[in-house]
Amino acid sequence: MSAPKVTVQQVMTHRFVALDGIATVAEGVRQLREAGADALIINKRDSHDEYGLVLLSDIGKQVVARDRAADRVNLYEVMTKPVVSVSPQMDIRYCARLFERFSINQAPVEEAGAIVGLVSYRDLVLKGLE
């Protein structure tokens, strides 16, 4: 008998902050602290643009490790863009395979052109394997 299907929507988090890429890393970190979030979604500049993503590890590698001033670095300088996004209806097993194939640890959840959440290996394992 197969296990019941668990979808990304059932395990994703809504703890992310959306900002424009022109904001500084210092502003982004401040907003992350206030929201208790781990990732920044960088808004599209227009309808033909793509979303960006800034993870704490990006800030650690590209700002802290290089001794750059967080108030002088814009988010667009450290973001990943375009990002691989997933559907809220995707089975978590396929999401995990996608993460493995593209060597990523988390992805925005996109529905009807808008970011509705964020999913990570942590969510897939801790919430998906109950």
Side-chain angles (χ1 to χ4, degrees):
M1 187 169 157
S2 65
K5 179 182 173 184
V6 178
T7 65
V8 166
Q9 186 168 25
Q10 293 172 276
V11 302
M12 72 183 189
T13 181
H14 298 280
R15 290 185 356 202
F16 65 91
V17 173
L19 288 174
D20 291 335
I22 196 71
T24 66
V25 169
E27 291 173 75
V29 169
R30 191 170 26 262
Q31 296 246 1
L32 285 174
R33 270 196 208 108
E34 290 172 8
D38 296 327
L40 293 161
I41 298 295
I42 306 305
N43 294 320
K44 293 180 177 185
R45 292 174 295 185
D46 57 53
S47 61
H48 301 290
D49 199 13
E50 296 298 325
Y51 287 104
L53 180 66
V54 178
L55 304 175
L56 293 177
S57 58
D58 297 325
I59 295 169
K61 292 173 187 174
Q62 298 182 51
V63 179
V64 178
R66 295 182 183 170
D67 198 25
R68 297 170 75 188
D71 59 343
R72 292 189 179 161
V73 178
N74 298 95
L75 292 172
Y76 71 81
E77 297 178 69
V78 297
M79 72 179 172
T80 299
K81 182 178 177 174
V83 293
V84 175
S85 62
V86 297
S87 162
Q89 288 75 41
M90 181 182 279
D91 187 305
I92 63 167
R93 295 172 296 181
Y94 296 137
C95 185
R97 291 176 194 166
L98 185 78
F99 283 8
E100 175 64 22
R101 171 148 309 152
F102 288 99
S103 299
I104 59 176
N105 295 312
Q106 53 188 304
V109 181
E110 188 172 355
E111 185 171 43
I115 303 297
V116 296
L118 194 68
V119 66
S120 67
Y121 270 129
R122 177 183 176 83
D123 301 318
L124 298 176
V125 173
L126 295 181
K127 298 176 191 172
L129 296 179
E130 294 178 349

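Heavy-atom minimum distance, Q10 versus K5: OE1-O, 3.8 Å. The nearest pair of heavy atoms linking D71 to T24 is O-CG2, 3.6 Å. The shortest non-hydrogen separation linking V116 to M12 is O-CE, 3.7 Å. Here the shortest heavy-atom pairing between V86 and A107 reads CG1-CB, 4.5 Å. Nearest heavy-atom pair, V8 versus S87, reported as atom, atom and distance to 0.1 Å: CB-O, 3.6 Å. Considering all non-hydrogen atoms of both residues, A39 and Q106 come closest at CB-OE1, 4.3 Å.
If you run side-chain contact (heavy atoms from CB on, under 4.5 Å) between L19 and each of I41, L75, L32, V54, only L75 comes through.
Apart from V64 itself, the hydrophobic cluster it occupies contains nothing, where clustering links Ile, Leu, Val, Met, Phe, Trp and Tyr at side-chain heavy-atom distances under 4.5 Å.
V125 and I92 are not part of a single hydrophobic cluster, where members link through side-chain heavy atoms under 4.5 Å apart. Connection of V17 to I59 is established within a shared hydrophobic cluster, with ILVMFWY side chains joined at heavy-atom distances below 4.5 Å, either directly or through further cluster members. V78 and L40 fall within the same hydrophobic cluster, where Ile, Leu, Val, Met, Phe, Trp and Tyr residues are linked whenever their side-chain heavy atoms come under 4.5 Å apart, directly or through other members. Note: the hydrophobic cluster containing V119 does not contain L126 (ILVMFWY, side chain heavy atoms under 4.5 Å, direct or indirect links). Linking Ile, Leu, Val, Met, Phe, Trp and Tyr residues whenever their side-chain heavy atoms come within less than 4.5 Å places F102 and F99 in a single cluster.
Environment of CD in E100: sparse, with no more than 12 heavy atoms of neighbouring residues, nucleotides or ligands closer than 6.0 Å. Applying the 6.0 Å contact sphere to CG of D46 captures more than 12 heavy atoms from other residues, nucleotides or ligands.
One distance of note links OG1 of T80 with CG of D58; it measures 4.5 Å at 0.5 Å rounding. Residue N74 holds its CG atom at 10.0 Å from CD1 of I42, rounded to the nearest 0.5 Å. The distance from the CD atom of E27 to the CD1 atom of I22 is 9.5 Å, given to the nearest 0.5 Å. In this structure, CZ in R72 is found 12.5 Å from CD in E77, a value given to the nearest 0.5 Å. Atom CD of E111 and atom OG of S85 lie 11.5 Å apart (nearest 0.5 Å). Taking CD1 of I115 as the reference point, atom CG of N43 lies at 9.0 Å (rounded to 0.5 Å).
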Checklist entry - Checking side chain to side chain contact (heavy atoms under 4.5 Å, CB included) for the pair F16/L53: CA distance, chi angles, key distance, verdict? => result CA-CA 10 Å; F16 65 91; L53 180 66; over 6 Å; no
Next on the checklist: Applying side chain to side chain contact (heavy atoms under 4.5 Å, CB included) to K81 and D49, what does each step give before you reach the verdict?
Outcome noted: CA-CA 10 Å; K81 182 178 177 174; D49 199 13; 2.9 Å; yes
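A donor-acceptor pair shorter than 3.5 Å cannot be found between the side chains of Q9 and T7.
Checking side-chain atoms of R15 against main-chain N and O of D38 turns up no donor-acceptor pair under 3.5 Å. A donor-acceptor distance shorter than 3.5 angstrom exists from the side chain of Y51 to the backbone of G113, with no hydrogens or angles considered.
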